[in-house]
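Side chains are part of it too, since the values below use all heavy atoms of this structure and drop only hydrogens, waters and symmetry mates.
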Amino acid sequence: MAELQDRLAPSQPASSDIRSDVDYPIYVVVGSGPVGVRCAQKLLRHSEEAQVVLFGAEAEAPYNRVKLSQYLSDHLTRADLDNPVVSQPESRLAERINQPVTAIDLAAKTVIDATGRVQPYNKLVLATGSTPTLPEIPGITLEHVHTFRSLHDTETLIRLREDNRRICVIGSGALGLEAAAALKTQNNRVVLQSRARLLGGLLEEEAEEYLQSSLAALGVELRIGDPVTALAGGTAVQEVRFASGETLAVDAVVVCTGIQPEITLARACGLATGRGILVSEWLQTSNPDIYAVGECAEFAQQVYQFVRPGYEQVESCAAHICSGPNLQPVANPYAGSLTDIQLKIAHISCALIGAVQHGDQAVEAGTDGGAQRYSYRNRFKGIYRQLLVENDRIVGAVHIGSWDEANRVRQVINEQGAVTARALQQFEEHGHLWQQQTPLGIKEQPDSYLVCQCNAVSKGELCRAISQGKRNLMDLQQATNAGSVCGSCRPLIAELLDMPATNLVMRHARGIFVTSVISLILIALALTMPPAPVSETVQTDWYWQSLWYGSFWKQVSGYSLLGFCLLTASLSLRKRWRSLSYGHVDHWRYVHSVIGCGALVVLVVHTGFRLGENLNLALMLVFLAATTTGALVGVFMARNHHWTDLKLREHRKWWSRVHYILLWTLPALLAYHIMAVYYF
């Protein structure tokens with residue numbers, strides 16, 4: 001690689017002709033974000049001779065910027081962000097990490113990096129992305145005012161979340177919403193300030209109310225319609241001031257007020273620019289040897305601020321670059337993109353799909369001359385769904401809350417599929433377009449089923465990659481790009497592989513599984529072991545005599561068992577009372593299962609494997625049945641993402657209901673048992 005880099009970057013002045021001694025094309029990509037990495041991959045794939053040089057301005061190796069919100073919220077590890085350029089061992093790729101390009105010489109067809117190194121090119125692709133936009137308000141440059149754009153920013157915000165108790169997030173676009181939710185913990189206060197409507201007013205009022213309720217349930221406070229006029233403090237921010245005259249005491253501020261295309265290089269070398277770098281349908285700039293893709297490119301007066309349009313631009317761009325004078329391009333010219341929004345917030349499923357019109361300006365259902373709106377709502381479950389239909393075709397959709405048909409709806413929108421009046425009526429009444437039936441697992445879907453909507457990767461493509469030896473999530477991602485954008489399709493890919501999606505497995509799954517199995521073994525012993533014999537002589541070992549026949553230790557074990565029962569019952573209130581919100585619910589589940597297992601051990605000590613008679617027998621059987629169902633629920637929860645073919649969720653629901661019913665009978669039987677022991 002060092003030899004290749006030396007050949008690619010001869011140390012000569014930028015103005016000299018340094019291209020005469022190479023007989024292969026050199027393609028340079030400036031920008032190591034997801035779009036730049038994808039472009040480098042496509043160029044290597046389309047051309048068997050070209051050398052590709054990738055410049056990155058950040059100190060880190062290429063990572064997936066799209067997943068930073070999930071990393072901030074602890075749903076992904078640092079390794080999950082890695083986004084290397086997939087290439088063969090004998091790579092024709094040279095990566096220049098932490099070497100920002102500072103100038104472009106159009107006449108010499110070279111770029112110069114910050115170290116002064118000159119790099120020639122045959123074709124140059126600018127994937128410089130964008131930079132955060134800071135509002136022009138007093139105090140914006142104070143300390144503890146942060147942006148959220150890069151991995152470095154994210155690492156800073158992770159430390160900020162743990163060290164600060166009062167945080168204000170300014171801006172309510174997708175990034176602001178994700179940041180506010182990810183920064184909220186049990187020990188801090190997070191206020192999300194929005195100048196006007198959430199998501200820039202893309203949602204109608206009712207849909208926005210559902211989204212606001214979901215955020216409030218996470219503990220995020222909302223301040224909408226009261227613009228920030230100033231940030232105040234000494235050297236560090238201490239107060240946010242609003243147009244209403246009110247103030248908010250803060251320890252830190254996170255600014256998520258939009259982005260602007262990074263066009264400094266393009267403008268300095270004389271390329272045509274508007275808001276972004278002006279490009280054609282093949283993503284060519286005003287210089288035919290220079291292309292621009294991603295957030296820095298402006299096509300048909302549109303700048304796209306999402307990664308999926310950038311990937312679509314790369315397809316056309318790389319095909320055009322690698323098609324020789326006598327070859328036809330292997331892709332169609334770029335014609336624009338839909339701007340789907342998928343919020344990556346824990347416990348909030350929210351998406352805007354297709355051509356969603358601007359909030360309340362969307363045409364009402366039943367009117368002429370525009371899209372018709374059809375809505376379904378379920379306030380009890382916090383579900384809101386909306387379809388926009390034009391000429392009997394779904395052109396857009398919005399959903400707040402889970403929707404198992406969302407992927408299919410997205411596919412219908414992309415394929416411009418028709419929808420019937422009956423289906424729309426069913427949607428408004430019941431919330432689903434197609435007849436309710438047992439949902440097909442990914443294995444039952446046809447090969448044409450799109451698993452990864454962001455990259456248009458079908459089940460058939462994934463199956464072919466699996467048959468070629470790609471048998472884990474990372475290998476499949478590198479081979480097909482599936483799951484490399486938002487990651488929402490990773491559970492489906494994991495199901496196809498018969499393996500768990502690591503980031504979806506419940507915390508302490510192994511511990512809960514082990515304690516549940518031990519509990520089931522103890523229950524089996526309690527039911528099958530012969531009872532301890534009642535000794536009428538002094539031949540019984542002293543410790544068994546004390547435990548099973550001594551009044552003092554009998555009471556100790558009995559009241560210990562009662563304490564365990566009360567403690568496990570109180571732990572179950574964690575998920576029902578919002579005020580009892582300390583700690584993650586999975587930690588409570590683990591403690592619940594450990595205490596349940598301990599209660600069974602004490603039960604054996606207390607009873608000596610004797611089931612009792614009459615109501616005492618009923619108490620024993622109900623207790624064992626309740627712990628059996630509880631242990632089975634623990635097994636199902638712990639293995640839910642491993643045993644993908646067993647429909648464990650339905651089993652878990654059924655056993656949970658039986659468990660709750662049995663628990664309600666325990667207090668009366670316990671009261672009888674205690675009264676009978678002391679009375680008689």
What are the two closest non-hydrogen atoms of [X] and [Y], and how far apart are they?
X	Y	result
Cys39	Val29	SG-CG2, 4.3 Å
Gly171	Leu192	O-CD1, 3.3 Å
Ser172	Ser194	OG-OG, 2.7 Å
Pro120	Thr110	CA-CG2, 3.9 Å
Pro261	Val303	CG-CG1, 3.8 Å
Ala351	Gln342	CB-OE1, 3.5 Å

Residues [X] and [Y]: side-chain donor-acceptor under 3.5 angstrom:
X	Y	answer
Gln51	Tyr121	no
Thr128	Glu262	no
Asn287	Thr285	no
Tyr334	Glu315	no
His152	Ser150	no
Thr339	Arg308	no
Gln302	Glu298	no
Asp153	Thr156	no
Glu461	Thr480	no

For Arg410 and Glu415, what are the C-alpha separation, side-chain angles and deciding distance, and is it a salt bridge (charged side-chain N to carboxylate O under 4.0 Å, His left out)?
CA-CA 9 Å; Arg410 184 180 281 108; Glu415 297 172 354; over 6 Å; no

With rounding to the nearest 0.5 angstrom, report the [atom1] to [atom2] distance, [X] to [Y].
X	Y	atom1	atom2	value
Cys269	Asp105	SG	CG	9.5 Å
Arg464	Ser458	CZ	OG	6.0 Å
Gln305	Ile259	CD	CD1	4.0 Å
Thr185	Leu218	OG1	CG	12.5 Å
Ile413	Leu388	CD1	CG	9.0 Å
Arg45	Cys322	CZ	SG	11.5 Å

Less than 4.5 Å apart, any side-chain heavy atom of [X] and any of [Y]?
X	Y	value
Leu338	Asn414	yes
Cys317	Val125	yes
Glu178	Gln70	no
Ile167	Val254	yes
Arg78	Leu151	yes
Leu343	Leu211	yes
Pro62	Ile97	yes
Leu124	Ile104	yes

Are there more than 12 heavy atoms of other residues, nucleotides or ligands under 6.0 Å from atom CD of Glu162?
yes

Is a side-chain donor or acceptor of [X] paired with a backbone partner of [Y] at a separation under 3.5 angstrom?
X	Y	value
Thr257	Thr133	yes
Asp80	Thr77	yes
Ser286	Ala272	yes
Gln313	Gly294	yes
Thr147	Pro132	no
Asp113	Arg117	yes
Ser280	Gln284	yes
Thr102	Ile112	yes
Ser323	Ala319	yes
Arg161	Ala182	yes

The residue among Lys109, Gln119, Arg96 that forms side chain to side chain contact (heavy atoms under 4.5 Å, CB included) with Val28 is Gln119

Under the criterion side-chain contact (heavy atoms from CB on, under 4.5 Å), I'd like the reasoning laid out for Glu281 against Ser316: C-alpha separation, chi angles, the key distance, then a yes or no.
CA-CA 8 Å; Glu281 69 272 19; Ser316 300; over 6 Å; no

Start with the C-alpha gap between Leu126 and Tyr291, add the side-chain angles, then the distance that decides, and say whether side-chain contact (heavy atoms from CB on, under 4.5 Å) holds.
CA-CA 6 Å; Leu126 299 178; Tyr291 298 72; over 6 Å; no

Evaluation steps, side chain to side chain donor-acceptor pair (under 3.5 Å), between Tyr304 and Glu312
CA-CA 11 Å; Tyr304 296 96; Glu312 294 172 354; over 6 Å; no

I'd like to know if Arg408 pairs up with Asp404 as an ion pair, taking the criterion as any Lys NZ or Arg NE/NH1/NH2 lying under 4.0 Å from an Asp or Glu carboxylate oxygen.
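Here Arg408 does not pair with Asp404 in a salt bridge, since their nearest N and O are not under 4.0 Å apart.
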
Go through Ile158 and Tyr71 one step at a time and tell me if the side-chain contact (heavy atoms from CB on, under 4.5 Å) criterion holds.
CA-CA 9 Å; Ile158 290 174; Tyr71 177 52; 4.0 Å; yes

Where do His144 and Val253 land on the side-chain contact (heavy atoms from CB on, under 4.5 Å) test, with the steps shown first?
CA-CA 6 Å; His144 300 166; Val253 171; over 6 Å; no

